[in-house]
Amino acid sequence: MADDWANAGLDLHVVLDPRHKVQSLERALRDAIDDGSLAAGTRLPASRALAADLGIARNSVVEAYERLLGEGRLEARVGSGTRVRERIAPSPASALAPVTRSTRFELDLRGGLPDASAFPRSAWLAAMREALAEASSASLGYGPTEGVAPLRAALAEYLARARGVRAQAGDVIVTHGFGELLALVARAIATRGGRRIAVEAYGHVSHREVLEAAGLELVPLAVDAEGVDVARLHDAAVDAVLLTPAHQFPTGVPLSSARRASLAEWAATGGIVIEDDYDGEFRFDGRSIGAFQSLAPDSTVYGGTASKALSPAVGIGWGVVPPMLRDGVLAARRRTGAATDAIGQAALAVLVASGGYDRSVRTLRTRYRARRERFEGLLAEGAPDAKVLGLAAGLHCLLELPEGVREEDVVAAGAERGLRFDGLAAYAADRATASSRPPTMVVGFGAPPDLRFEQAVAAVIASIDAAR
Ligand SMILES: Cc1ncc(COP(=O)(O)O)c(C=O)c1O
């Protein structure tokens, strides 16, 4: 079986002229190599397999391969079959193709991005291997809309233990990241007649777009040193609120305990709370700030993601959804036609249940804490008149700019140095909020790989200096 698979090679779409089989095969391969549809390094099917696919003699395939070998388009290596040769001279057509230019950002310092190079590849591979070895054939079919049972059970246990969430496996719905969960919950709220949703005056732009796309009207609530001003919920006539209680995004403050209590009171009057716990696992100051959900489990949708502790490429998030919204969320998901990849879910179930996910969180917490300290130290030296805020948790901080320096000038100076980052105003829900604070940058210290970290901070400092 494994040998059959290894020998089968690529599937090629080739239309043969029945009168000139060798020539038409040769031409089809040559064209595909020259126009790049067969990329350099691609391994071609074994001659026997391709001959069987095309219903022609094996010799005809061997002959076509040999001509292309002679032209230098293919190369044959013992033990690794026939491949498209690297660095073939460009065809006249590709030489004339227009060059498209765009600003090249080499370092992405937008708020909240994780270090992709820290992805625990070997642990993930081992989890994948174990999950596949143990998967029944039935589990490789279409999976349940709410997600696979082992992952939901593993997450319920993990969230209760690590985040204080009140959850049974039956409450967990697995989605494509927090983004999809939010879209589904927004639709479920709109379907049951909800019209208005409160959001934090600073937040994730795409999340506001997701809410609006579901037909909800946004009502921004101010954010201050205690987090979002939830007192205003009581007379804002909203059906729901989206917020980041553990670590306000992007200002970095946790929701104070007085405000948590006030939020729970509002929820008890029928309001729906959507808790985005996107980086609740990454606190550095030893203060354990549990999930809000445990104060109002019947009214709160708790949302989390593997995008930070593993990678956005895993594409898995989760919701702990109260009974009143569960059917609506699942119905919304069925209507989208989307489902989360069941093999990835099985692998994540193995990783979470074995403690590998916890280990990834702990390793990253140590790594991000060290970065945070280096960031603060380097800035104190290089830009002592800029103020670093919101460093107690998460993968980014706020950098209040020196007197007279404008956000847009620092963004532009950063772009010239290959940096991609935004001013705080870019995260504001409305104009009044955008001009309510002194000019401040949101700087992610998660994403640059370790080796480029100091270069990234130096570029931030140089961008501020250029904008003075
Ligand atoms: C505030 C906030 N919430 C949630 C997420 C995670 O979203 P997802 O799970 O869709 O990757 C992010 C990602 O950057 C974020 O910034």
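Only heavy atoms go into these numbers, but all of them, side chains included; no hydrogens, no water, no symmetry mates.
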Salt bridge check: are [X] and [Y] linked by an N-O gap of less than 4.0 Å?
X	Y	answer
Arg232	Asp229	no
Arg152	Asp171	no
Glu180	Arg333	yes
Asp277	Arg163	yes
Asp285	Arg369	no
Arg371	Asp450	yes

**OP:** Answer yes or no: are there more than 12 heavy-atom neighbours, outside His207 itself, under 6.0 Å from its atom NE2?
**Re:**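 Buried by this count: over 12 neighbours within 6.0 Å.
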Subject >> Over 12 non-hydrogen atoms of neighbours within 6.0 angstrom of CD in Glu212 >> reply: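 More than 12 within 6.0 Å, yes.
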Please check if the side chain of [X] supplies one atom and the backbone of [Y] the other of a donor-acceptor pair under 3.5 Å.
X	Y	answer
Glu200	Val228	no
Arg43	Arg83	no
Glu407	Ala425	yes
Ser360	Ala309	yes
Thr42	Leu38	no
Arg417	Ala413	yes
Thr440	Pro438	yes
Thr363	Arg359	yes
Arg365	Glu281	yes
Arg208	Ala428	yes

How many angstroms lie between [atom1] in [X] and [atom2] in [Y], if you round to the nearest 0.5 Å?
X	Y	atom1	atom2	result
Leu125	Glu130	CG	CD	13.0 Å
Arg166	Gln168	CZ	CD	10.5 Å
Ser117	Arg452	OG	CZ	11.0 Å
Leu159	Ser294	CG	OG	12.0 Å
Leu151	Leu348	CG	CG	5.0 Å
Leu211	His204	CG	NE2	12.0 Å

Non-hydrogen side-chain atoms of [X] and [Y] separated by less than 4.5 Å:
X	Y	value
Arg326	Ile173	yes
Ser307	Val314	no
Ile343	Met128	yes
Ile289	Arg260	yes
Asp276	Phe178	yes
Leu401	Asp385	no
Leu398	Val443	no
Thr340	Ile316	yes

**OP:** Show the numbers, then the answer: is there a side-chain contact (heavy atoms from CB on, under 4.5 Å) between Phe375 and Phe453?
**Re:** CA-CA 9 Å; Phe375 184 83; Phe453 184 72; 4.0 Å; yes
Original post:
Does the side chain of Gln293 come under 3.5 Å of the side chain of Thr300 through a donor N or O and an acceptor N or O?
Top reply: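 No, no side-chain donor-acceptor contact under 3.5 Å.
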Original post:
Going by atom types alone, do Thr251 and Gln248 pair a side-chain donor with an acceptor below 3.5 Å?
Top reply: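 Gln248 and Thr251 do have a side-chain donor-acceptor pair below 3.5 Å.
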Original post:
Does the pair Leu182 and Val301 meet the rule for a side-chain contact (heavy atoms from CB on, under 4.5 Å), with working shown?
Top reply: CA-CA 9 Å; Leu182 184 61; Val301 175; over 6 Å; no
Subject >> Check: Tyr158 ring centre within less than 6.0 Å of Tyr357 ring centre >> reply: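 Between Tyr158 and Tyr357, the centre distance is under 6.0 Å.
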Original post:
Does the separation of the ring centres of Tyr202 and Phe249 fall below 6.0 angstrom?
Top reply: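 So the answer is no for these two rings.
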**OP:** Mind running salt bridge (charged side-chain N to carboxylate O under 4.0 Å, His left out) on Asp422 and Arg110 for me, showing each step along the way?
**Re:** CA-CA 6 Å; Asp422 296 306; Arg110 282 174 301 165; 5.4 Å; no
Which heavy atom of [X] sits nearest to which heavy atom of [Y], and what is that distance?
X	Y	value
Ser299	Gly271	CB-O, 3.5 Å
Arg437	Val223	NH2-O, 3.5 Å
Pro114	Lys308	CB-O, 3.8 Å
Ser139	Ala135	OG-CB, 3.5 Å
Leu181	Val321	CD1-CG2, 4.5 Å
Asp279	Gly394	OD2-CA, 3.0 Å

Subject >> side-chain contact (heavy atoms from CB on, under 4.5 Å) evaluation trace for Val273 with Leu263 >> reply: CA-CA 8 Å; Val273 177; Leu263 181 60; 4.0 Å; yes
Subject >> Residue pairs, two or more places apart or on separate chains, that pass salt bridge (Lys or Arg N to Asp or Glu O under 4.0 Å) and touch residues 392-402 >> reply: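 Those involving residues 392-402 are Lys387-Glu400.
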**OP:** Show your working on salt bridge (charged side-chain N to carboxylate O under 4.0 Å, His left out) between Glu106 and Arg420 and close with a plain yes or no.
**Re:** CA-CA 8 Å; Glu106 288 172 6; Arg420 181 168 195 182; over 6 Å; no
Original post:
Hey, mind stepping through Asp409 and Arg468 against salt bridge (charged side-chain N to carboxylate O under 4.0 Å, His left out) and telling me if it holds?
Top reply: CA-CA 9 Å; Asp409 294 338; Arg468 281 180 197 271; over 6 Å; no
**OP:** Not counting sequence neighbours, which residues clear salt bridge (charged side-chain N to carboxylate O under 4.0 Å, His left out) with Arg161? List them please.
**Re:**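 If we apply the salt bridge (charged side-chain N to carboxylate O under 4.0 Å, His left out) test to Arg161, skipping adjacent residues, the hits are Glu157, Asp358.
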Original post:
Could you go step by step and tell me if Leu399 and Val460 meet the side-chain contact (heavy atoms from CB on, under 4.5 Å) rule?
Top reply: CA-CA 10 Å; Leu399 192 56; Val460 170; 3.9 Å; yes
**OP:** Specify whether Tyr278 and His396 have parallel, tilted or perpendicular ring planes, treating 30° as the upper limit for parallel and 60° as the lower limit for perpendicular.
**Re:**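 Ring orientation of Tyr278 relative to His396: parallel.
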